[in-house]
There are 2 protein chains.
Amino acid sequence: MTITEVSEKLGIPQDTLRYYERIGLIPRVNRNKNGIRDYTEEDCKWVEFIKCMRSAGLPIEILIEYVALFQQGDETIEARKELFIEQRKQLITRIEDMKKTLERLDYKIAVYEQAIVKKEKELRRPEH
Amino acid sequence: MTITEVSEKLGIPQDTLRYYERIGLIPRVNRNKNGIRDYTEEDCKWVEFIKCMRSAGLPIEILIEYVALFQQGDETIEARKELFIEQRKQLITRIEDMKKTLERLDYKIAVYEQAIVKKEKELRRPEH
DNA sequence: ACTTGACTTGGAGTTAACTCCAGGCTTTAT
DNA sequence: ATAAAGCCTGGAGTTAACTCCAAGTCAAGT
C-alpha cells in the first residue's frame, strides 16, 4: 500500500504518517527500491492502533516507549503490560471526569430550557 | 479572597488564573484600592466551572464565547443553550471513543497476562 | 527529451494552552 | 528606613503535536 492509500483509508494526513514513523510512534515502514514507503497490512494495523490510542489522549511519549519495548522482543512483555495498566488507570480517571462534566452540561442545558419555557409563557400571557 | 487562596483552594497556578481572566475565560475580578484582585464566591464558582469544563477537553475558545454570551445578559440564553448542546454532543462522542480505547487496552492487558502465565508455566516444567 | 505527479528528506513554522519573567508598586516586619 | 513578601502588568518563552515547505528523485505519459 502506498502512503496515499493509507492516508485515505485511515483519515490521517500523509505528513502525520511520516511524522509518526520519524519519531518512532510506529515501527519503520519498508521502502521499495526507490525509497518509497510500501505499507504492509501489519503497518496499517499499527497506524490504526496508534490512531485509536491517540484519540483517547494517550501521550505520544508513552506510545513511543511502548513501540520501543515491543521492538525489543519478548523480554519486555511484563513492562508493556505494566505500561498499559498505568494508561488504563489514567484513562478510567479521565472518563470519570468527563462523565461528571457531562452531567453538569446536562444540568445547565435543563436550566436554560426552563428559562426559555418560562420566557415563552410570559410572552403568551402579556397581561401579567 | 486573594489570588493565593483561590490558587490553593482550586489547585490552579496563579499565572493561570490571571491568564484566564486576561483572555476573558472568566469575568473580570474586582480589585481593591491597590489594584489587587479580591475574588468573590461567585468568581470562585466561575473558576471552578471553567476548570471542570477544561478538564473534559472543552476548548478555551468556546468557553470564552460562552462567557461573552453570559455577559450580554438574558438575550443570549438560547445561544448559550445551543452552545452547550453542541459541546455535550462532542463530549459524548469523545467519551464513547475513550470507552472503545479502554476496551482495547483491557484486551491487550489480558493477552499479555496470558503470555506471562504461559511463560511461567514453561519455567516451572523445564523438562519440556 | 520534457513535463507532470507522487513520493522522498530534513527542517522550519504553527497552534493551543499555558508558564515564566522583568520591572514596578504596596504593605508589613525588623 | 530598609528589606522582604505578595501582588500587579505586559510580553516573552515553552511544550505537545502536528503541519507545511523547499529541494530533490523517479516513473510514466506526450
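Numbers restart at 1 for each chain; the letters A, B, ... are given by sequence-line order, proteins then strands.
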- Query: With Y107(A), which residues qualify under ring pair (Phe, Tyr, Trp, His ring centres under 6.0 Å), at least two apart?
  - Reply: none
- Message: If I take atom CD in residue E21(A) and atom P in nucleotide dC18(D), what distance separates them, rounded to the nearest angstrom?
- Response: 15 Å
- Message: Using a strict threshold of under 4.0 Å (side-chain N to carboxylate O), is an ion pair present between K89(B) and E86(B)?
- Response: yes
- Value in whole Å for how far the C1' atom of dT26(C) lies from CG of N32(B): 10 Å
- What residues, two or more places apart in sequence or in another chain, satisfy side-chain contact (heavy atoms from CB on, under 4.5 Å) together with Q71(A)? P27(A), V67(A)
- Please state whether the rings of F84(B) and Y66(B) are parallel, tilted or perpendicular, taking 30° and 60° as the class boundaries. tilted
- Sequence-distant partners of R22(A), side chain to side chain donor-acceptor pair (under 3.5 Å), two or more places apart: none
- Message: Could you spell out the base pairing of DNA chain D as a dot-bracket line? Use Watson-Crick and G-U wobble contacts where both distances are under 3.5 Å, [ ] for crossing pairs, | for partners on a different strand.
- Response: ||||||||||||||||||||||||||||||
- Query: In terms of side-chain geometry, is the basic nitrogen of R94(B) or D97(B) positioned less than 4.0 Å from the acidic oxygen of its partner?
  - Reply: no
- Query: What string of B, S and - do you get for nucleotides 2-16 of chain D, 5' to 3', when a contact is any protein heavy atom under 4.0 Å?
  - Reply: ----SSSBBB-----
- With respect to the phosphate group of dC18(D), does any side-chain polar atom (N or O) of Y20(A) fall under 4.0 Å of OP1 or OP2? yes
- Message: What is the distance, to the nearest angstrom, from the CG atom on L58(A) to the P atom on dA17(D)?
- Response: 10 Å
- Item | Atom pair CZ (R88(B)) and CD1 (I109(A)), whose distance is rounded to the nearest 0.5 Å | 3.5 Å
- Message: I need the CG-C1' distance between L63(B) and dA17(C), as an integer number of Å.
- Response: 12 Å
- Note on the structure: The side chain to side chain donor-acceptor pair (under 3.5 Å) partners of R80(A) (sequence neighbours excluded) come to T76(A), Y112(B)
- Expressed in angstrom and rounded to an integer, what is the separation of I12(B) atom CD1 from dC18(C) atom C1'? 12 Å
